[in-house]
Student: 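What follows is a structure written as structure tokens; I'll ask about it next.
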Number of protein chains: 2
Amino acid sequence: MKKPSATLPPTEGRLKGSAAHPLRSDPTLSQTPPYQNQGRLHGALAYRLGVDILKGVYQSGETLPNEIDSSSSLDISRSAYREAIRILAAKGMVESRPKTGTRVTERARWNLLDPEVLGWMFDTEPSQDFIKALFELRLITEPAAADLAAQRRTDADIASMRNSLDIMARETLQTEAGRKADREFHRTLIGATQNEALVSLSSSIEAAVAWTTRYKARHNALTRDPVPDHERVFDAIAAGDGSAARWCMESLIRMALQDTQKAAAH
Amino acid sequence: MKKPSATLPPTEGRLKGSAAHPLRSDPTLSQTPPYQNQGRLHGALAYRLGVDILKGVYQSGETLPNEIDSSSSLDISRSAYREAIRILAAKGMVESRPKTGTRVTERARWNLLDPEVLGWMFDTEPSQDFIKALFELRLITEPAAADLAAQRRTDADIASMRNSLDIMARETLQTEAGRKADREFHRTLIGATQNEALVSLSSSIEAAVAWTTRYKARHNALTRDPVPDHERVFDAIAAGDGSAARWCMESLIRMALQDTQKAAAH
DNA sequence: TATTTTTATATTGTCTGACCAATTAGCCGG
DNA sequence: CCGGCTAATTGGTCAGACAATATAAAAATA
């Protein structure tokens with residue numbers, strides 16, 4: 001066995017390592033699906049700063065404390081801090097230049113549709129306006145997507161959607177398996193459009209949908225059975241009837257919006 | 001004044017600093033509007049890796065060389081390299097875990113609608129399929145946005161759009177001022193929807209539009225005068241006629257698509 | 001002996017602290 | 001009003017310790 005490596009304990013420094021840093025277990029740390037924040041210090045800090053920016057703790061245009069102060073007051077290294085800032089910058093939320101410092105950009109430049117940002121957003125109980133905006137966007141894109149899907153879907157797509165639908169009927173949205181099947185249904189539907197841009201957009205929106213689902217469950221709003229609505233969309237797509245698919249999808253989303261608003265009024 | 005800090009010149013190391021690194025001036029470095037890549041090493045590397053991933057030099061699932069090898073072979077520090085990776089990770093393009101290394105995620109998880117990613121995409125002469133997908137998305141969202149804008153626009157919105165339109169008519173799309181007015185026109189239009197999610201989405205798409213504009217100019221396709229089309233959209237919105245605005249916007253985009261395809265056939 | 005479980009180990013990202021370089025906003029003097 | 005300085009801040013570098021984990025080796029079990 002080797003002894004503690006004879007070399008040198010350089011500054012005598014605190015022998016921490018990084019065992020259990022306060023930041024790691026800091027917030028609720030919304031652990032939705034592949035949230036890769038798992039324990040990385042820079043990720044945790046990016047989360048924290050991101051949420052603070054979204055909440056308005058740091059306003060647009062405001063300069064946040066410099067690297068040295070921030071990192072030391074948070075008790076982390078500059079590198080970890082800088083990596084966190086890089087993440088925020090990649091999402092358009094901050095901008096840093098020498099001498100000026102790092103400042104929060106104007107809200108219009110934030111990538112609100114970034115899945116991660118959307119996740120952060122929902123950890124702050126977003127405003128009704130924002131939820132409304134999101135539903136409006138869904139109401140624009142998803143019916144159109146359903147239309148395209150009806151024209152372009154393959155047999156494999158139909159089989160996959162049929163399967164997801166069966167699981168949903170069996171499990172309901174109360175179980176994780178049921179919700180997963182729901183997501184899978186929508187994902188295949190969008191995939192059937194053969195449109196990469198739509199796929200990318202809706203994978204963002206998926207985060208939002210997942211949240212509203214949980215939101216409704218939390219406020220245990222008596223949500224109607226979603227299967228019949230989905231069934232109608234499916235039938236239209238299987239039949240290749242674009243305009244029917246569009247119409248059914250629109251009504252499906254309107255129902256979801258109604259339920260969500262009902263839950264909000266709780 | 002203090003002398004060079006008596007301590008120790010640790011390893012005698014190369015006295016480089018970072019005067020003029022090859023990466024900085026490496027590629028064409030698409031300097032579109034507020035591209036904040038300006039000279040930052042990590043930004044330049046992120047750009048390079050990002051483009052390589054989009055081009056397929058690094059395939060999905062592939063593990064790229066480890067930090068030590070990469071940074072040393074690129075002749076940059078590990079910190080700079082890591083910050084670059086953090087940027088890519090924030091855009092969903094890579095995922096890094098201890099022992100496994102950093103690997104390229106599956107294409108469906110890339111944030112293709114991130115303005116920066118979109119910019120990278122266009123530096124690689126994107127596939128016809130992708131351009132088509134993008135126009136399809138515009139065809140879905142922008143007419144709907146025009147509809148909403150017609151219902152919600154304020155007097156200030158109208159004034160701003162009128163002004164942009166005048167500048168466009170005077171300058172044409174050949175001058176930068178003209179193109180800027182074009183962008184401004186669309187931006188105010190989207191802003192008039194009062195929908196944050198739409199704003200965020202279209203600020204992404206703006207990058208794409210800017211590219212196709214340059215693309216058409218490059219292949220000097222005889223593009224028709226865009227002002228009459230814009231004028232019609234404007235009139236409909238000013239009149240508060242949603243469905244007319246929708247229809248005019250749709251035809252405007254179809255024209256742009258036609259021109260782009262004509263340029264592609266060159 | 002074959003199979004499963006446990007333990008080592010090598011590899012890799014993570015984090016640290018201290019340092020120097022490049023940039024530039026804002027001040028000061030001409 | 002302009003041009004050059006100065007101080008403050010991010011950008012970049014380095015060398016090393018730490019933590020996690022996939023894989024291989026060893027041990028226990030069937």
Side-chain angles (χ1 to χ4, degrees), chain A residues 1-2 4-21 23-24 36-46 63-72 74-89 94-103, chain B residues 1-24 36-46 63-72 74-89 94-103:
Chain A
M1 49 192 66
K2 58 184 184 200
S5 147
T7 50
L8 70 160
T11 46
E12 156 278 337
R14 339 109 95 179
L15 53 137
K16 50 162 159 300
S18 50
H21 197 282
L23 265 182
R24 291 187 197 275
Q36 65 208 56
N37 267 350
Q38 38 171 357
R40 256 59 139 263
L41 209 38
H42 50 256
L45 178 54
T63 305
L64 31 94
N66 68 45
E67 287 185 2
I68 315 243
D69 294 348
S70 295
S71 57
S72 75
L74 288 165
D75 203 42
I76 62 176
S77 73
R78 271 186 72 199
S79 310
Y81 177 81
R82 299 187 92 247
E83 289 181 30
I85 293 296
R86 221 82 285 146
I87 294 174
L88 273 323
V94 303
E95 192 174 32
S96 46
R97 284 161 43 196
K99 175 65 183 174
T100 314
T102 300
R103 54 182 51 184
Chain B
M1 43 195 66
K2 59 188 181 196
K3 34 180 196 160
S5 142
T7 49
L8 68 163
T11 46
E12 156 278 337
R14 343 113 92 174
L15 55 137
K16 53 164 157 294
S18 51
H21 198 280
L23 263 183
R24 290 187 196 274
Q36 66 207 60
N37 267 351
Q38 38 170 354
R40 257 60 140 260
L41 207 39
H42 51 256
L45 178 54
T63 304
L64 31 93
N66 67 45
E67 284 186 5
I68 309 204
D69 293 349
S70 296
S71 57
S72 75
L74 289 164
D75 202 43
I76 63 175
S77 73
R78 283 183 74 189
S79 311
Y81 177 81
R82 300 189 91 248
E83 289 182 29
I85 292 297
R86 221 79 287 146
I87 293 174
L88 273 323
V94 302
E95 193 173 30
S96 47
R97 284 163 42 196
K99 175 64 186 176
T100 313
T102 299
R103 55 183 49 186

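Note: hydrogens, waters and symmetry copies are ignored here, and every other heavy atom, side chains too, is used. Letters A, B, ... mirror the listed sequences (proteins, then strands); counts begin at 1.
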Student: Compare the minimum distances between each of D/dG11, D/dT13, C/dC15 and the side chain of B/A80, then state the nucleotide with the smallest one.
Tutor: D/dT13
Student: Check salt bridge (charged side-chain N to carboxylate O under 4.0 Å, His left out) between B/R103 and all other residues, then give those that pass, not counting sequence neighbours.
Tutor: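 Scan of B/R103 (salt bridge (charged side-chain N to carboxylate O under 4.0 Å, His left out), adjacent residues dropped) gives none.
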Student: Rounded to whole angstroms, how far apart are CD1 on B/I68 and P on C/dT12?
Tutor: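 Going from B/I68 (CD1) to C/dT12 (P), I get 8 Å.
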Student: Take the protein atom CZ of A/R78 and the nucleotide atom P of D/dC14, then report the distance between them rounded to whole Å.
Tutor: 15 Å
Student: Could you tell me the separation between the CD1 atom of B/I85 and the CG atom of B/L64, rounded to the nearest 0.5 Å?
Tutor: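 Here the rounded value is 5.5 Å.
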Student: Could you work out, with side-chain contact (heavy atoms from CB on, under 4.5 Å) as the rule, every residue matching B/R82, not counting sequence neighbours?
Tutor: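 In terms of side-chain contact (heavy atoms from CB on, under 4.5 Å), with neighbours along the sequence ignored, B/R82 is linked to A/E83, B/E67, B/R86.
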Student: When rounded to the nearest 0.5 angstrom, what distance separates OG in B/S96 from CG in B/N66?
Tutor: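 Atom-to-atom, B/S96:OG and B/N66:CG are 12.5 Å apart.
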Student: Protein-nucleotides 5-9 of chain D N/O pairs closer than 3.5 Å?
Tutor:
from  : atom 1 : to    : atom 2 : distance (Å)
D/dT9 : O2     : A/K99 : N      : 3.4

Student: How close or far is atom C1' of C/dA21 from atom CZ of B/R40, stated in whole angstroms?
Tutor: 14 Å
Student: Between A/Y81 (OH) and C/dT14 (P), how many Å, whole number?
Tutor: 20 Å
Student: Expressed in angstrom and rounded to an integer, what is the separation of B/H42 atom NE2 from D/dT13 atom P?
Tutor: 11 Å
Student: Distance check, rounded to the nearest 0.5 Å: A/L45 atom CG versus A/L74 atom CG?
Tutor: 6.0 Å
Student: I want to verify a distance call: between C/dT16, D/dT10, D/dC14, whose nearest atom is closest to the A/S96 side chain?
Tutor: D/dT10
Student: Once side-chain contact (heavy atoms from CB on, under 4.5 Å) is applied, do any residues pair with B/S79, and if so which ones, sequence neighbours excluded?
Tutor: B/S77
Student: Give A/R86 one of three labels, base, sugar-phosphate or nothing, depending on what nucleic acid heavy atoms sit under 4.0 Å from its own.
Tutor: sugar-phosphate
Student: Among all residues two or more places apart in sequence or in another chain, which pass the side-chain hydrogen bond (donor to acceptor under 3.5 Å, both in side chains) test with B/S71?
Tutor: none
Student: Just how far, in rounded Å, is P of C/dT14 from CZ of A/R82?
Tutor: 17 Å
Student: Which whole-number value in Å describes the distance from B/L41 CG to D/dG11 C1'?
Tutor: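 These atoms are roughly 9 Å apart.
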Student: Within less than 4.0 Å of OP1 or OP2 of C/dT16, is there a side-chain N or O belonging to A/S77?
Tutor: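 Looking at the OP1 and OP2 atoms of C/dT16, one of them is under 4.0 Å from a side-chain N or O of A/S77.
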Student: Roughly how many Å is it from CG in B/L88 to C1' in C/dG13, rounded to a whole number?
Tutor: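 B/L88 atom CG is separated from C/dG13 atom C1' by 16 Å.
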